[in-house]
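The next block holds one structure in the form of structure tokens; read it before the comments.
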Amino acid sequence: MALNVNAIFNRPNGYTPKVYYYSNENYETKAIDIKILPMALPLLGVLVAFLFTSTIITSRNKTEKQSFKPAAAYIATAPTPTVTQPPVERHPNLKEIVDKEIANKKGSFGIIIKNLKTEESYSLNDHQVFESASLYKLWIMALAYKQIKDGKLSEEESVSQDAGALYHTYNISSDEGDIQGGIVQFTVHDALDKMITVSDNTAALLLSDRVGFSNVKEFLKNNHFDDSSFSQPPKTTPADIAKFLETLYKGQLASEEYTTKMLTLLKNQRLNGKLPKYLPEESVVAHKTGELDTFTHDAGIILSEKGDYIVVILTKSEYPPDAVETIAQVSKAVYQYFENSP
């Protein structure tokens, strides 16, 4: 069936559409017959449809390009997951351990602790001067062995004196002596043993008199125990006592033979209610105690597989039994600290 274009546009049959235009030369109006229009209309529709579809596709592609992001962009902007780490257990340090034990304790404390393997240390009032009580006996022991080494004294030599005269010489009441009166006599060897292991005062005075009062002062000076004095009463500091024990331990105070003898005496200490009190029975503690009126002290070397260490605790308290217990508790806490250290 043929398409009747004239009928569509209400034109008579045989009508030929014309296109009018102006001539460039004489501006005459001319008409061109358009005989191909019926054939061109379908093509024109296809062209319009193509252009419309192309416009839609181009617009869509442009939109997609604008909204497109590579996968990496999404990865980069993705939130980092929060990882909760378990809490790290914190071990208290040496200062915290000791401070806890002496917190709210009445009295005055001078303390030095030093690990001879790791050099870790703690100090409190290390240069505060205390009456030495029986700690001065450490100096007498060292000087006696020095004189033995130098041939000025013999371990078999007998030392004796009237106890009353001896106490008077050193301005000590008879109540402080271990013998009330009469002649007291020991060998140097036995006097050294009693002076250290049971802190016998009479034996200490006998040896002090034998080695010489002025020689004790010279011993302190030569070994740079500058805070200490062999006066009446003798005085010292935690720093000087710790220095004595460390130089003894390192063999710098005497020959190997006499260093061993001194350490053996200190290990045989029988007054063990302070530093060794709460330590395991197998613990080896080379130490010396001191008690005089309001003063109570203990100082020693604790020999341990984890590392030997020094503990020096000097105290002055209106109630010495409480200070004695504090010394024991500090010693226990320090022992556990070093044993549990990596």
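Quantities reported herein were computed from a predicted structural model and do not represent experimental measurements.
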Heavy-atom closest pair, residues Leu265 and Met141:
CD1-SD, 4.1 Å
Phe230 and Leu166: same hydrophobic cluster, using ILVMFWY side-chain contacts below 4.5 Å?
yes
For side chain to side chain donor-acceptor pair (under 3.5 Å), just list the numbers for Lys217 and Ser229, CA-CA rounded to whole Å, side-chain angles, deciding distance to a tenth of an Å, and then say yes or no.
CA-CA 7 Å; Lys217 290 184 175 181; Ser229 62; over 6 Å; no
Report the C-alpha distance between Gln128 and Ser108 in whole Å, list the side-chain angles of each, state the deciding distance to 0.1 Å, and finish with yes or no for side chain to side chain donor-acceptor pair (under 3.5 Å).
CA-CA 9 Å; Gln128 181 173 329; Ser108 182; 2.6 Å; yes
Less than 4.5 Å apart, side chain to side chain, heavy atoms only: is that true for Lys194 and Phe186?
yes
Would you check, one step at a time, whether the test side-chain contact (heavy atoms from CB on, under 4.5 Å) holds for Met195 with Asp200?
CA-CA 5 Å; Met195 178 180 70; Asp200 187 289; 5.5 Å; no
CZ of Phe219 to CD of Gln147: how many Å apart, nearest 0.5 Å?
11.0 Å
Would you check if there is a donor-acceptor pair between the side chains of Glu101 and Thr326 at a distance under 3.5 Å?
no
Does Leu314 share a hydrophobic cluster with Tyr136, counting links as ILVMFWY side-chain heavy atoms below 4.5 Å and allowing steps through other members?
yes
Can Asn215 and Leu143 be said to form a side-chain contact (heavy atoms from CB on, under 4.5 Å), step by step?
CA-CA 8 Å; Asn215 289 331; Leu143 181 56; 3.8 Å; yes
When hydrophobic residues are tied together by side-chain contacts of less than 4.5 Å, even through go-betweens, does Val312 share a cluster with Leu279?
no
Approximate separation, where rounding is to 0.5 Å, of Ile313 CD1 and Phe130 CZ:
11.0 Å
So which atom in Gly300 and which in Leu275 form the shortest heavy-atom distance, rounded to 0.1 Å?
N-CD1, 3.7 Å
Is any side-chain heavy atom of Tyr309 closer than 4.5 Å to a side-chain heavy atom of Thr118?
no
Hey, are Lys106 and Glu318 close enough for a salt bridge, meaning a charged N less than 4.0 Å from a carboxylate O?
no
Do side-chain atoms of Asp227 reach the backbone of Asp240 as a donor and acceptor pair under 3.5 angstrom?
no
Can you hop from Tyr335 to Ile111 via hydrophobic side chains spaced under 4.5 Å?
yes
Any side-chain donor-acceptor pair under 3.5 Å between Tyr167 and Asn201?
no
Hydrophobic clusters here meaning ILVMFWY residues chained together by side-chain heavy-atom distances under 4.5 Å, can you tell me if Val98 and Ile241 are in one?
no
Decide yes or no for Glu305 and Glu339: does some side-chain heavy atom of the first lie under 4.5 Å from some side-chain heavy atom of the second?
no
Between CG of Leu271 and CG of Asp298, what distance do you get to the nearest 0.5 Å?
9.0 Å
At their closest point, which heavy atom of Ala144 faces which heavy atom of Leu192, and how far apart are they?
CB-CD2, 4.0 Å
Between Thr236 and Ser228, do the side chains contain an N or O donor and an N or O acceptor separated by less than 3.5 Å?
yes
Report yes if the side chains of Ser331 and Lys277 come closer than 4.5 Å at any heavy-atom pair, otherwise no.
no
Does any donor atom in the side chain of His287 or Asn272 lie under 3.5 Å from an acceptor atom in the other side chain?
yes
Among Glu291, Glu325, His297, whose side chain to side chain donor-acceptor pair (under 3.5 Å) with Lys274 holds?
Glu291
Compute whether any side-chain donor of one residue and acceptor of the other, for Ser199 and Ser134, lie under 3.5 angstrom apart.
yes
From CA spacing to verdict: side-chain contact (heavy atoms from CB on, under 4.5 Å), Glu120, Lys114:
CA-CA 6 Å; Glu120 184 177 7; Lys114 183 175 182 180; over 6 Å; no
Donor-acceptor pairs under 3.5 angstrom involving side-chain atoms of residues 204-211: please list them, not counting sequence neighbours.
from	atom 1	to	atom 2	distance (Å)
Ser208	OG	Ala204	O	2.8
Asp209	OD2	Gln161	NE2	3.1
Arg210	NE	Glu157	OE2	2.6
Arg210	NH2	Lys152	O	3.2
Arg210	NH2	Glu157	OE1	3.3
Arg210	NH2	Glu157	OE2	3.3

Would you call Ile112 and Tyr122 a side-chain contact if the rule is heavy atoms closer than 4.5 Å?
no
Heavy atoms, side chains only, cut-off 4.5 Å: are Gln185 and Val159 in contact?
no
Salt bridge or not between Glu246 and Lys250? Use side-chain N to carboxylate O under 4.0 Å.
yes
We want to know whether Glu257 and Ser255 form a side-chain donor-acceptor pair, criterion being a heavy-atom distance below 3.5 angstrom.
no
Is the shortest side-chain heavy-atom distance between Lys288 and Leu266 below 4.5 Å?
yes
Not counting sequence neighbours, which residues clear ring pair (Phe, Tyr, Trp, His ring centres under 6.0 Å) with Tyr278? List them please.
none
Let me confirm one number: the CD1-OG distance from Ile302 to Ser283, rounded to the nearest 0.5 Å.
8.5 Å
Separation of Ile113 CD1 from Phe338 CZ (nearest 0.5 Å):
6.5 Å
Do the non-hydrogen side-chain atoms of Lys146 and Lys149 ever get within less than 4.5 Å of each other?
no
Applying side chain to side chain donor-acceptor pair (under 3.5 Å) to Thr187 and Ser158, what does each step give before you reach the verdict?
CA-CA 4 Å; Thr187 64; Ser158 178; over 6 Å; no
How many angstroms lie between CG in Leu263 and CD1 in Ile301, if you round to the nearest 0.5 Å?
5.5 Å
Nearest heavy-atom neighbours spanning Trp139 and Lys235:
CH2-O, 3.5 Å
Can you name the closest pair of heavy atoms from Pro92 and Tyr337 and give their distance?
O-CE1, 3.3 Å
Here the pair of heavy atoms bringing Ile140 nearest to Val216 is CD1-CG2, 3.6 Å
